[in-house]
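Encoded as structure tokens, the structure appears first; notes follow it.
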2 protein chains.
Amino acid sequence: MLKKRIGKAAPARSPSPEVVDIGGLKRILGFSLRRAQLSMYKDYGRFMDRLDLRPAQYSVLLLVRENPGLSQSTISQILGIQRANFVSLLDELESRGWVERRSSEKDRRSFALHLTKKGQAFMKQANVAHSELEASLTQRLGEQDTRSLLRLLNQFADEASVE
Amino acid sequence: MLKKRIGKAAPARSPSPEVVDIGGLKRILGFSLRRAQLSMYKDYGRFMDRLDLRPAQYSVLLLVRENPGLSQSTISQILGIQRANFVSLLDELESRGWVERRSSEKDRRSFALHLTKKGQAFMKQANVAHSELEASLTQRLGEQDTRSLLRLLNQFADEASVE
DNA sequence: TATTGTTATACTCTATAACTATA
DNA sequence: TATAGTTATAGAGTATAACAATA
């Protein structure tokens, strides 16, 4: 017998999940954001799991491809990742042969990050899978509302009182 | 000397953060959702940290207040939390004297969850702080766009291909 | 057999302090 | 002094398997 709480009398009702009022939660931005993210993440898995590539890893590869030469600090700052936590993330991308840390001549403390040939080839694959994912997500609300959602999300983040 | 990577020559440029192209990322729903959530969470801290109450805990208290008698499984399912992980979360709310596990008569496997008097009193406090938080968040986009954002987020989650 | 609550466990993500090499 | 990358560590969050009690 693991359950050993006080045995007060239960009330008359015990609502089934369909009757539960979660309306209040849906009016809370934090809850709605998390809900959307959870449901997005399921689709992410369906399209990206076979690449064994987590969202943060994909973001790094994208950023490095579009901005070769960036430092680890710059990238981790853009992505909202502590630079300490960014090290092992990058280690994995490097050990898989996709990213290269080139020692910079101007500032010998930092590395300039670049995609390898292999990394560029992999990104072509990854982009195909990711396009399928985005198409699937866009289908939910349609082109126009999806664009609105994106605009509002980024506007919301840009307007943060504390940057 | 900790840094011991291959010393290929660095390229001529090393863009400063202001010049970096993150436009591509902003068009990705997953990235934009995370960005919004990160910026939201900072405000959450400013208003809710003094209550020492994490978002999930507040959600549980809200749900229980609005739907007294719910079981642990039902609540954890609504919130997208594994029922195994819900145990310790609820243990803390119970040990702080805010929630009660009442043994149910109809199904003696489950507990009916209720707020205590103390829990109800605490929620009055918490709601004040949370209202201030929501007001601050709403200020970012204004009433109308915030409502649009909420609607789109929930619609997006509701439309999930895999429920 | 199936479900509820529980324990144990492992893995990811996140946050912080302290260290080195360099600026 | 300050910054870039690193290490170590601790705390959350999350996922899974297995168990006792009960359905």
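In what follows, chains are A, B, ... by sequence order, proteins preceding strands, each numbered from 1. Everything quoted here is computed from the prediction, not taken from an experiment.
- OP1 or OP2 of D:dT22 has at least one side-chain nitrogen or oxygen of B:R108 nearer than 4.0 Å.
- Closest contact between the side chain of B:S73 and the listed nucleotides C:dG5, D:dA4, D:dT7 involves C:dG5.
- If you take CD of B:Q72 and C1' of C:dT6, they are 9 Å apart, rounded to a whole angstrom.
- The separation between A:E105 atom CD and C:dT22 atom P is 15 Å, rounded to whole Å.
- If you measure from atom CZ of A:F111 to atom P of C:dT20, you get 17 Å, rounded to the nearest angstrom.
- With salt bridges taken as basic N to acidic carboxylate O contacts below 4.0 Å, none links B:R140 and B:D145.
- If you take CZ of A:R83 and P of D:dA8, they are 16 Å apart, rounded to a whole angstrom.
- Between the CG atom of B:L79 and the P atom of D:dA15 there is a distance of 14 Å, given to the nearest Å.
- A straight line from CG of A:L90 to C1' of D:dT7 spans 15 Å, rounded to a whole angstrom.
- Taking the screw axis at each terminus of the helix from C:dT1-D:dA23 to C:dA23-D:dT1 from five consecutive base pairs, the angle between the two is 0° to within rounding of 10 degrees.
- When only modelled atom types and interatomic distance are considered, A:Q77 and A:R83 share no side-chain donor-acceptor pair under 3.5 Å.
- To the nearest angstrom, C1' of D:dA12 lies 17 Å from CZ of B:F86.
- Across B:D52 and B:Q57, no two heavy atoms sit closer than the pair O-OE1, 3.9 Å.
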Evaluation steps, side-chain contact (heavy atoms from CB on, under 4.5 Å), between A:L137 and A:T146: CA-CA 8 Å; A:L137 294 177; A:T146 302; over 6 Å; no
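- The two residues B:A56 and B:I81 have their closest heavy-atom pair at CB-CD1, 4.4 Å.
- OP1 or OP2 of C:dT22 has not a single side-chain nitrogen or oxygen of A:S110 nearer than 4.0 Å.
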Restricting both atoms to N or O, compile the protein contacts to nucleotides 11-15 of chain C shorter than 3.5 Å, with distance only.
from: C:dC13; atom 1: OP2; to: A:R54; atom 2: NH1; distance (Å): 2.7
from: C:dT14; atom 1: OP1; to: B:R34; atom 2: NH2; distance (Å): 3.0
from: C:dA15; atom 1: N7; to: A:N85; atom 2: OD1; distance (Å): 3.4
from: C:dA15; atom 1: N7; to: A:N85; atom 2: ND2; distance (Å): 2.8
from: C:dA15; atom 1: N6; to: A:N85; atom 2: OD1; distance (Å): 2.8

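- The nucleotide whose nearest atom lies closest to any side-chain atom of B:R109 is, among C:dT4, C:dT22, D:dG5, C:dT4.
- Here the two rings, on B:H130 and B:F47, have centers that are 6.0 Å apart or farther.
- A salt bridge links A:K26 with B:D158; the closest basic N to acidic carboxylate O contact falls under 4.0 Å.
- Salt-bridge annotation for B:R54 and B:D49: absent, with no side-chain N of the basic residue lying under 4.0 Å from a carboxylate O of the acidic one.
- Between B:R101 and C:dT6 there is a side-chain polar atom (N or O) within less than 4.0 angstrom of OP1 or OP2.
- D:dA2 atom C1' lies 12 Å from atom CG of A:D107, rounded to whole Å.
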Residues B:L113, B:L90; criterion side-chain contact (heavy atoms from CB on, under 4.5 Å); working and verdict: CA-CA 10 Å; B:L113 302 183; B:L90 193 58; 3.7 Å; yes
